[in-house]
Participant: 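Submitted below is the structure of interest, expressed as C-alpha cells.
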Amino acid sequence: MSETKHTILYVDDEDDNLVTFKSVFRREFKVLTAISGLEALEILKSHQVDLIISDQRMPAMTGVQLLKKTIIEYPESKRMILTGHSEMDDIIDAINLCKIDAYITKPWSKEGLMKTISEALEESSQIQNLNTRIQELEEENLKLKEKLNNVKP
Amino acid sequence: MLGKLPNFFISPEIKDNPTEFVRSRILIKFILICFFAAIFFITLAYLLEIKLTFYALIVLESILITFLAISRKIKSTKVFLRFFLSVIYLAYLFPIIDTGGMNSAVLPQLIVVPMLGFLYGSKPEGIFFAGFSFVTILVFWFLPQMGINLEHNVIDRYERIYDYINYIFLFVFVLVLTMATEEEVETTNKMLKDSNEELLVTQKELREKADYSSRAQAILEKALEKEKRSKDQLKNAQAQLVHNEKMAFIGQLTAGIAHEINNPVNFIKSGIDALIQDISDIRSLRQVELESFESIVTGKEKGDIQDSNEVIEKAMHRIQSKKEEIEFDYLITEIESLMGSIQNGVGRTAEIINGLRVYSRLDQGEYKTSDINENIDATLVLLSNKYKNRIEVIKNYSEIPKVQCISGKISQVFMNLLDNAIQAIEEKGRIEIATTLNEADNTVTISIKDSGTGIPEENANKIFDPFYTTKEVGEGTGLGLAISKGIIDDHQGVLQFESSDSGTTFYVTIPINQK
C-alpha cells in the first residue's frame, strides 16, 4: 500500500455493520462511515473520498438514490452497492443508473471484499496517475511552447 | 274380424278403436234393427196380403245378402261361401212358407244357416244370418197369434224335392267346409308366417335397438370416464394451485428469512474478521512486551544500574510505540463494540429462528395450543424488511389464553393478512394489530387494521374468491385470502372485514378450544 491511505465511505443504516466494516478495513484504508444517505452527502462535502460503498436498503434514501446523486458531483469516486441476494431489480438499477464498479452481496467476506475494493482503487489510482501525467505533460508542453516563443523572435 | 262387418254397421270410431264395448254396442244395434224389421214385416203381413209380405222379406234379405257379399274385398271362397249360404237361406224360406210356417218341418233348418256362418265365416256372418233367421222365425211365430194361418198345401213330391235339396246342401256343405278349412289353415299358416316374419323383423329391430343402446351405453360410459378424468384433472390442478400457493408462501417466507438473517450474519461475520485482526495486533503487542521484559531481566543481571535504567526506558518506549502503532486504546474500545455487534447479531438471528418455529408444522394438521400474540410477532419479524422504516406497527395485545389451532396454518393466515395490509399502504402508514378475548362465546378475535386506500365496494364481495387479485401478474396468485378463509373455516372460525377510504380491517375470530 502506498503511504497515503485511500479513503472509503461506507453507508449503512445498521450501526453494527458500520462498526464491523470499519474494524475490518481501518488498517488498510481510511474508513468513513455514515448511517444515512444524507449524512453521507454531508461527509462527501468535506472529505476527498475515493470509494463509496452503500447498502441498498435504507430508509429515506436508498443506496441507488444516493449513488446516483454522487455521479455528477464526484465523478472520480468509485461506487459500489451492497444488496441482498434476491434484489435483482436493485442490482440492475445500480448498474444502469449509478455507474457502479461492483455490487457486493451480503454477507460479504473480508478477502473477497478486499480484493474487489483493491482492484477498484488500483484502477482509480492508475487513472489518477494518468491524469497527473497528462497534466504534467501539458504543463511541460506549455513551457516548451513558451520557450519556443522566446526563441523565435 | 270387425273389418268383415258390413260398412253400415260400423261407425267410424269402431274402425279405429275396436274395443269390446264398441262391439257389444254393434250387437245391440243389430238386434234392435232385427227387432224393428220383424215388427215392420208383421205389420206389413197384417195390413197386406201374407204372401206379399214374405216376398218383400225375401227381396229385402236378398239385397242385404248381396250387399254383404260385395261389400268388402274378400277372398273368393268367402264370397262363394256367403253366396252359398244366401242361396240356402232363400231356398229354405220358400218351403217354410209353403209348408205352414211355424208348423213346417223345414223351419228348424233355418238355424243351420247362421251356424254355418259362424263355422265358416266369422262372427259377423253368423250374427248376420242369425238375425235373418230370428226375424223370419218371429214373423212366422207372430202370424198365427194374429189369426193369420199359413196353409199346409204342399204335395208329397214337392216335399221330396226339398229332401234332395237337403242332400245337395249337405254335400256342398261338406265340400265348402273342407275348402274353407284348408283355406283357413292356409290363412292361418300365412298369418303365422307373416307374424313370424314380423317377429323376425321385430327381433331384428330389437337387436338393432339393443346394439344401438349398447353402443349408446358405450359412448355414455366413455363420456362418463372422460368426465371423471377431467374431474380428476381439475382436482389435480386445484391441488397443484394450492401447492403453488404454498410454495409461493414458502418462497415469501424464505426471502423474508434470507433478508432478515443476512444483515446480522453479515456483521457477525465481519465482526469476527475484525476481532481476529485485533487479537493478532494484541498478540504482537504481547510479543513486544515479552521481549522488552526479557531485555530488562537480562539488563538487570548485568548489574549496571545506569544501563538497566536505559534498558527499561528503551523497553517502555518500544512498548509505547507498539501501542501507538496498533492504536491500543482504540483497539480496546473497538473490541468492546465488536463484541456488542456480534451479540446483537446472534440475538437477532436467534429471534428470527425462534419466529420460524411457528411455521415449522405447516403441513401437519395437528391441533396444539399456541400463543397467538407470539405467532403474530414471529410473522412480523419475517415481514419486517417489507415495512421497516415505512410503516408504524401498533400492537394492542391483550392477555389471551393459548388457542387450540394448527399453528403453522394460523401463522399463514396472519402472514397473508399482514402482507396484504403492508401492500395496501403505498408510502408511509400505520398498521394496528389487536387481540381480544370474547368471554361470552370463548373465542378470541384478532384484528388487523391498515391505513391503506381500502377495498372498493364493487370488489368487496369478490376478495375471498379464488384467483381474484388486483395485483400484477406474478405478484399474487389470488389464492391468499381464499386459502386463509379455508383455514379459518377449518378452525370453526370466522374471517370478516370492513373497509372504507381510510383503510381496511380484517377480523379473525377463532374458538379457544376446538370441538
Side-chain angles (χ1 to χ4, degrees), chain A residues 1 5 8 10-31 33 35-38 53-63 65-66 80-91 103-117, chain B residues 251-282 284 325-327 330-349 384-392 427-428 472 474-475:
Chain A
M1 281 292 131
K5 285 182 183 175
I8 298 174
Y10 181 76
V11 193
D12 200 314
D13 63 322
E14 296 255 9
D15 195 37
D16 293 316
N17 273 328
L18 299 180
V19 168
T20 54
F21 184 87
K22 192 175 177 184
S23 304
V24 171
F25 291 107
R26 72 179 163 82
R27 286 170 184 82
E28 287 82 8
F29 309 104
K30 187 182 172 195
V31 178
T33 58
I35 197 110
S36 70
L38 284 173
I53 300 175
S54 175
D55 186 34
Q56 161 61 12
R57 196 176 281 259
M58 292 188 296
M61 193 187 286
T62 65
Q65 285 169 339
L66 168 66
M80 289 183 191
I81 200 141
L82 262 171
T83 65
H85 277 283
S86 53
E87 292 136 334
M88 207 56 199
D89 290 346
D90 292 341
I91 294 168
Y103 72 82
I104 306 148
T105 52
K106 279 183 187 174
W108 45 262
S109 70
K110 190 200 163 194
E111 291 74 25
L113 190 51
M114 182 66 91
K115 197 164 168 265
T116 317
I117 292 171
Chain B
Q252 201 178 9
L253 205 65
T254 42
I257 296 159
H259 208 95
E260 276 316 293
I261 281 183
N262 261 343
N263 252 323
V265 165
N266 191 49
F267 55 76
I268 292 168
K269 201 169 172 234
S270 51
I272 287 167
D273 280 345
L275 273 181
I276 289 168
Q277 285 182 331
D278 289 356
I279 286 164
S280 93
D281 277 0
I282 288 168
S284 68
E325 188 201 319
I326 62 167
E327 299 172 81
Y330 178 78
L331 202 69
I332 297 303
T333 47
E334 186 183 86
I335 287 171
E336 276 168 7
S337 60
L338 282 173
M339 292 292 197
S341 289
I342 289 168
Q343 234 163 11
N344 278 352
V346 171
R348 254 165 73 179
T349 315
S384 66
N385 71 83
K386 289 192 175 183
Y387 70 84
K388 209 167 54 182
N389 300 318
R390 185 166 74 91
I391 295 163
E392 187 192 355
E427 300 263 311
K428 301 231 166 200
E472 302 265 312
E475 259 186 39

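Proteins come first, then strands; the chains are lettered A, B, ... in the order of their sequence lines, and each starts at number 1. The basis for the numbers below is simple: all heavy atoms, side chains too, and nothing from hydrogens, waters or symmetry mates.
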Participant: Is B:Ile272 close to A:Lys110 at the side-chain level, that is, under 4.5 Å between some pair of heavy atoms?
Facilitator: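 Heavy-atom side-chain distance check fails, nothing below 4.5 Å.
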Participant: Take a 6.0 Å sphere around NZ of A:Lys22 and say whether it holds more than 12 heavy atoms from other residues, nucleotides or ligands.
Facilitator: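 Counting neighbours around NZ of A:Lys22, 12 or fewer heavy atoms of other residues, nucleotides or ligands fall under 6.0 Å, so no.
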Participant: Taking everything shown except A:Tyr10 itself, do over 12 heavy atoms lie less than 6.0 Å from its OH?
Facilitator: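 Atom OH in A:Tyr10 is packed in, count exceeds 12.
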Participant: Please confirm whether the backbone N or O of A:Trp108 pairs with a side-chain atom of B:Asn266, one donor and one acceptor, at under 3.5 Å?
Facilitator: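 Side chain of B:Asn266 to backbone of A:Trp108, a donor-acceptor pair under 3.5 Å: yes, one is there.
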Participant: Where on A:Asp13 is there a heavy atom nearer than 4.5 Å to chain B: the side chain, the backbone, both, or neither?
Facilitator: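 The side chain, not the backbone.
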Participant: Determine the option with the most heavy-atom pairs under 4.5 angstrom with chain A, choosing from B:Pro264, B:Gly271, B:Ser341, B:Gly340.
Facilitator: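 Option with the top pair count is B:Ser341.
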Participant: Find out whether B:Asn263 and A:Arg57 are in side-chain contact, i.e. whether some heavy atom of one side chain is under 4.5 Å from a heavy atom of the other.
Facilitator: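 Answer no - side chains too far apart.
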Participant: Check whether any side-chain heavy atom of A:Phe21 sits under 4.5 Å from a side-chain heavy atom of B:Ser270, and report yes or no.
Facilitator: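 A side-chain contact is absent here, since even the closest heavy-atom pair is not under 4.5 Å.
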Participant: About how many Å separate NZ of A:Lys106 and CD1 of B:Ile261, when rounded to the nearest 0.5 Å?
Facilitator: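 Answer for the CD1-NZ pair, B:Ile261 versus A:Lys106, is 14.0 Å.
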Participant: B:Asp281 versus chain A, heavy atoms under 4.5 Å apart: side chain, backbone, both or neither?
Facilitator: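 When you check distances to chain A, only side chain atoms of B:Asp281 fall under 4.5 Å.
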Participant: Got a second to check how far B:Ser337's OG is from A:Leu18's CG, nearest 0.5 Å?
Facilitator: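 So the gap between those two atoms works out to 11.0 Å.
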Participant: Could you report the tightest heavy-atom contact between B:Gln277 and A:Ser23, atom names first, then the distance?
Facilitator: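 Shortest heavy-atom contact: OE1-O, 3.5 Å.
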Participant: Indicate the atoms forming the closest heavy-atom contact of B:Phe267 with A:Thr20, along with that distance.
Facilitator: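 The pair with the smallest heavy-atom distance is O-CG2, 3.3 Å.
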